[in-house]
Structure formats: C-alpha cells, structure tokens
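Following: one structure in structure tokens, then a few remarks.
Predicted model, so just to flag it, every value in this text is computed and none were measured. Residues: numbered from 1 along the sequence shown.
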Amino acid sequence: MLNNGWLKGSIVAFLCQLIIVTVFASFLYHTQGEIAGISAILGGLVYCGPMLLANLFMSKSSDTSAKAVVARAYLGTIYKMAVSVCLFIYIFKYMSINIAIFIAAYVITLLTQYATSYVFLNRN
C-alpha cells in the first residue's frame, strides 16, 4: 500500500488547487463577467478532478510488490488522461466558454499541483 502521508499530501494539494481556482474565478467573475468565471472554474476542475481520482485510484493498492505499485501508477495516469480528454471534448463541444481563460486556469492549476507536490509530498 502506498504511504498514507502521500495520500494526505495529495488531498492537501487538491484543496490548495481548489482555493487558487476559486480565487482566480471569483476575480474574473467580478471583473469580466459570468462566462469568464465559469471558464476559470471549469479549467481548474478539468485538471484537479481527474488528478484527485487518479491519486485515489493509485492509493488503493493492497499489493505491496514493486510491479503492482508501478502498474497502478501507469493505470492511474492512463485513467487521468482519458478522463481529462473526455472532459476537454465535452466542454469545448457543448459549453460556451472563453478558451483563453479556460486554458489559463488549467495551467494555473497545473502549476499549483507542482508547487504543492514539491512542498507537501515527502520525496525521501
């Protein structure tokens, strides 16, 4: 099983992402309107939602062998990418959004993930 501290760090990183995206979306909602705020929220959720699901999937391993851990990591990554692609397609096809703000929120959430992973996850 993966380290319990790793799962806690992943949840803390997810909460930090939600806070950053909420602040960014609130700012855009009040300065540029409803579409900008919704675009920012969706951009952040398209990144952090699948990331949290993949982290939860990878943390549920009952087998402690190295092969099982690596296999779950690869499957979790493939799962995250598949869900992300489906969300991108759905949002671009069926929702009216500002694409530049959507991508900016996605990148901000990605950078928040890297920063919080560096700070909160133990890399010993």
Going only through I, L, V, M, F, W and Y residues with side-chain contacts under 4.5 Å, is there a path from [X] to [Y]?
X: Val107; Y: Val23; value: no
X: Met81; Y: Val83; value: no
X: Met95; Y: Ile99; value: yes

Student check: side-chain heavy atoms of Cys48 and Val21 closer than 4.5 Å: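 When only atoms from C-beta onward are counted, Val21 and Cys48 do not touch, as no gap falls below 4.5 Å.
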Non-hydrogen atoms of Ala54 and Lys80 that approach each other most closely: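 Heavy atoms of Ala54 and Lys80 come nearest at CB-CB, 3.7 Å.
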For the [atom1] atom of [X] and the [atom2] atom of [Y], what is their distance to the nearest 0.5 Å?
X: Asn55; Y: Ile11; atom1: CG; atom2: CD1; value: 9.0 Å
X: Leu15; Y: Ile19; atom1: CG; atom2: CD1; value: 6.5 Å
X: Thr109; Y: Phe14; atom1: OG1; atom2: CZ; value: 10.5 Å

All pairs passing side-chain hydrogen bond (donor to acceptor under 3.5 Å, both in side chains) where residues 15-32 contributes a residue, at least two apart: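 Residue pairs with at least one partner in residues 15-32: Gln17-Gln113.
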With sequence neighbours excluded, residues passing side chain to side chain contact (heavy atoms under 4.5 Å, CB included) with Leu75: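 Residues passing side chain to side chain contact (heavy atoms under 4.5 Å, CB included) with Leu75: Phe57.
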Residues clustering with Leu28 (ILVMFWY side chains joined when closer than 4.5 Å, directly or via others):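 Members alongside Leu28: Ile20, Phe24, Phe27, Ile101, Ile108.
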ILVMFWY cluster membership beyond Ile89 - transitive side-chain contacts under 4.5 angstrom: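 Direct or chained contacts put Ile89 with Val85.
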Any residue meeting ring-ring contact (aromatic ring centres under 6.0 Å, His included) with Tyr74, in chain and number order, not counting sequence neighbours: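 ring-ring contact (aromatic ring centres under 6.0 Å, His included) list for Tyr74, sorted by chain: empty.
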Which residues share a ring-ring contact (aromatic ring centres under 6.0 Å, His included) with Tyr106, sequence neighbours left out: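 Partners of Tyr106 under the ring-ring contact (aromatic ring centres under 6.0 Å, His included) test: Tyr47, Phe88.
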Output side-chain donor-acceptor pairs under 3.5 Å for residues 38-46, partner residues at least two apart or in another chain, one line each.
unit_1: Ser39; atom_1: OG; unit_2: Ile35; atom_2: O; d: 2.7
unit_1: Ser39; atom_1: OG; unit_2: Asn98; atom_2: N; d: 2.8

